[in-house]
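The structure appears right after this line, and notes come after that.
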Amino acid sequence: MRLCIIGTGYVGLVTGACFAKLGHSVICVDIDPEKVQKINKGISPIYEQGLANLLLTYKERITATTDYQDALKNADITFLCVGTPSLKDGSLDVSSLTEATKHIATILKDKKTWHLIVIKSTVLPGTTQQIVLPLLEQHSDKKAGTDFGLAMNPEFLKEGVAVQDFLQPDRIVIGSYDERSRTTLKELYKNFTCPIVETTLSAAEMIKYASNAFLATKISFINEIGNLCKKLNIDTYEVATGMGLDSRIGRPFLDSGIGWGGSCFPKDVDALITWAKEIKEPARIIESVKEVNTDQPLRLVRILQKHIPTLKGKTIGILGLAFKPDTDDIRESRAIPIVKELLRNEAVIKAYDPQAMDNFKTLYPTIEYCKKATDVLSSDAILITTKWKEFTALDFQGKIVIDGRRLDSAKKAKTYEGVCW
Ligand SMILES: NC(=O)c1ccc[n+]([C@@H]2O[C@H](COP(=O)([O-])OP(=O)(O)OC[C@H]3O[C@@H](n4cnc5c(N)ncnc54)[C@H](O)[C@@H]3O)[C@@H](O)[C@H]2O)c1
């Protein structure tokens with residue numbers, strides 16, 4: 001099929017590159033000309049395992065442009081993958097989505113053939129039907145369900161293993177407005193062997209929010225258990241193993257530590273809380289999930305202060321700036337509140353991350369960034385904030401290490417303490 005992808009971030013570019021691998025012809029649109037240029041040269045503008053290789057290998061089948069007209073006229077299906085960040089009040093910013101929708105609609109107006117528009121961005125229940133659909137109809141003078149199709153197909157990929165997740169998902173959710181949209185998307189995904197959940201537009205939107213809120217809940221829950229375990233001298237990871245073997249619970253997302261970050265959980269949890277307030281339904285569990293997560297990284301600094309009560313002038317090494325390993329994404333990384341708190345205490349920071357330092361420099365340009373992980377080891381104390389594999393090879397002997405991610409090899413340090421252990 002001929003596919004158009006609007007927005008070439010983590011979701012859009014992975015979607016485009018994977019569909020190209022599966023044999024489809026893909027044209028990506030982004031407002032950022034630098035990204036477009038890179039993609040056309042077969043270079044990935046973001047770090048994501050396997051993505052650069054896909055872009056190079058399938059260069060013939062995937063191109064990029066800033067021109068919507070150019071892209072849409074040669075496509076049968078358009079996936080909307082633009083960002084939906086949080087506004088200051090926690091609500092969802094759908095301005096990129098509405099902007100892109102209007103562009104699509106004006107081109108649909110003159111398009112002679114049926115076209116399917118699929119929302120892949122994470123949007124609150126009701127957004128596709130109540131915001132996207134009317135905009136498409138108003139600006140195209142066409143009717144949804146007859147002149148063009150509309151579907152909601154949320155994405156569940158995890159950064160770091162996004163390509164693998166896209167190609168081998170646990171499930172595919174297809175929320176459709178009309179029958180032709182449903183069957184067209186089913187045809188596109190026909191070679192995937194996972195279950196396909198066919199549903200309404202709003203249920204598809206809610207499945208994404210409920211999934212992310214549940215996963216965030218699982219992490220905050222185990223962190224609370226971890227905080228209790230630490231007080232009682234119980235190994236929280238043994239508890240997680242024992243719990244995780246219960247098939248109703250499962251082991252993933254039971255690693256206690258300094259909490260969740262990234263581009264999705266924080267903004268999705270915020271949007272759900274704000275939306276719940278708007279519709280006057282209390283979201284008590286989700287609110288406390290956020291509360292636990294806000295305090296968890298600060299616990300690491302409080303533990304550090306047990307060992308070094310006055311941080312002023314002390315050099316503190318930070319190992320890991322990305323919100324999780326195998327990505328350069330620092331959005332809502334737990335390293336951010338930690339660095340903020342250390343600077344508030346006038347500590348001197350030496351940081352290292354294999355992929356995320358350039359991104360972190362945009363937030364904190366003046367802290368010291370090290371060329372190698374070993375350069376961090378000369379600090380007065382070291383905090384482990386992201387569990388990159390290369391940190392396991394470091395020699396922590398003779399050091400003070402406060403661990404937020406359970407890096408077992410760091411236990412050889414002279415002084416070692418974990419956030420929940
Ligand atoms: N990152 C993830 O792990 C992940 C996983 C599942 C779902 N999601 C959801 O997918 C959506 C996209 O997330 P992301 O992380 O890929 O975002 P991102 O910020 O990495 O990428 C968004 C891209 O859209 C482009 N863009 C913005 N406005 C545009 C416009 N009007 N026209 C064309 N391009 C435009 C931006 O330049 C950027 O390249 C969000 O709704 C997010 O919640 C993200």
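For ligands, and for the atoms within them, numbers begin at 1 and follow the listed sequence.
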What are the atoms of ligand 1, with element, lying closer than 4.0 Å to any heavy atom of [X]?
{"X": "Cys264", "answer": "2 (C), 3 (O), 4 (C), 5 (C), 8 (N), 44 (C)"}
{"X": "Val11", "answer": "4 (C), 5 (C), 6 (C), 7 (C), 8 (N), 10 (O), 16 (O), 44 (C)"}
{"X": "Glu155", "answer": "6 (C), 7 (C)"}
{"X": "Lys35", "answer": "38 (C), 39 (O)"}
{"X": "Thr84", "answer": "40 (C), 41 (O), 43 (O)"}
{"X": "Gly9", "answer": "16 (O), 18 (P), 20 (O), 21 (O), 23 (C), 39 (O)"}

Nearest protein heavy atom to [atom], by residue and atom, and its distance?
{"atom": "atom 27 (C) of ligand 1", "result": "Ile31 CD1, 3.7 Å"}
{"atom": "atom 11 (C) of ligand 1", "result": "Val82 O, 3.4 Å"}
{"atom": "atom 19 (O) of ligand 1", "result": "Arg331 NH1, 3.4 Å"}

For a side chain to side chain contact (heavy atoms under 4.5 Å, CB included) with Met152, tell me which candidate from Val118, Ile117, Val123 qualifies.
->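 Exactly one option meets the side chain to side chain contact (heavy atoms under 4.5 Å, CB included) with Met152, and it is Val123.
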
Find out whether Phe79 and Glu155 are in side-chain contact, i.e. whether some heavy atom of one side chain is under 4.5 Å from a heavy atom of the other.
->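 Sidechains of Glu155 and Phe79: no contact.
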
Does Phe156 come within less than 4.0 angstrom of ligand 1, counting non-hydrogen atoms of the residue?
->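 Phe156: no contact with ligand 1 (<4.0 Å).
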
Looking only at heavy atoms of Lys208, does any of them come nearer than 4.0 Å to an atom of ligand 1?
->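 Under 4.0 Å: yes for Lys208.
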
Shortest reach to atom 38 (C) of ligand 1 by a heavy atom, considering only Asp30, Thr101, Ile5 |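 The nearest heavy atom belongs to Asp30.
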
Side chain, backbone, both or neither: which part of Cys81 has a heavy atom under 4.0 Å from ligand 1?
->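 The backbone, only.
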
Contact partition for Leu157 relative to ligand 1, non-hydrogen atoms under 4.0 Å |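 For Leu157, backbone and side-chain atoms both sit under 4.0 Å from ligand 1.
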
What class does the angle between the rings of Phe166 and Tyr189 fall in, given that below 30° is parallel, 30 to 60° is tilted and above 60° is perpendicular?
->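 Ring orientation, 0 to 90° scale: tilted.
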
Hey, can you tell me if Phe265 and Phe253 have their rings parallel, tilted or perpendicular (30° and 60° cut-offs)?
->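 Aromatic pair Phe265/Phe253 classed tilted.
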
Side chains of Glu205 and Thr127: donor-acceptor distance under 3.5 Å anywhere?
->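 Note: Glu205 and Thr127 side chains miss the donor-acceptor criterion.
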
Under 3.5 Å: N/O of Lys120 near N/O of ligand 1 |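 Min N/O separation from ligand 1 is not below 3.5 Å for Lys120.
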
Which pairs with one or both residues in residues 40-71 pass ring-ring contact (aromatic ring centres under 6.0 Å, His included), sequence neighbours excluded?
->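 Counting only pairs at least two positions apart or across chains, the ring-ring contact (aromatic ring centres under 6.0 Å, His included) contacts touching residues 40-71 are Tyr68-His103.
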
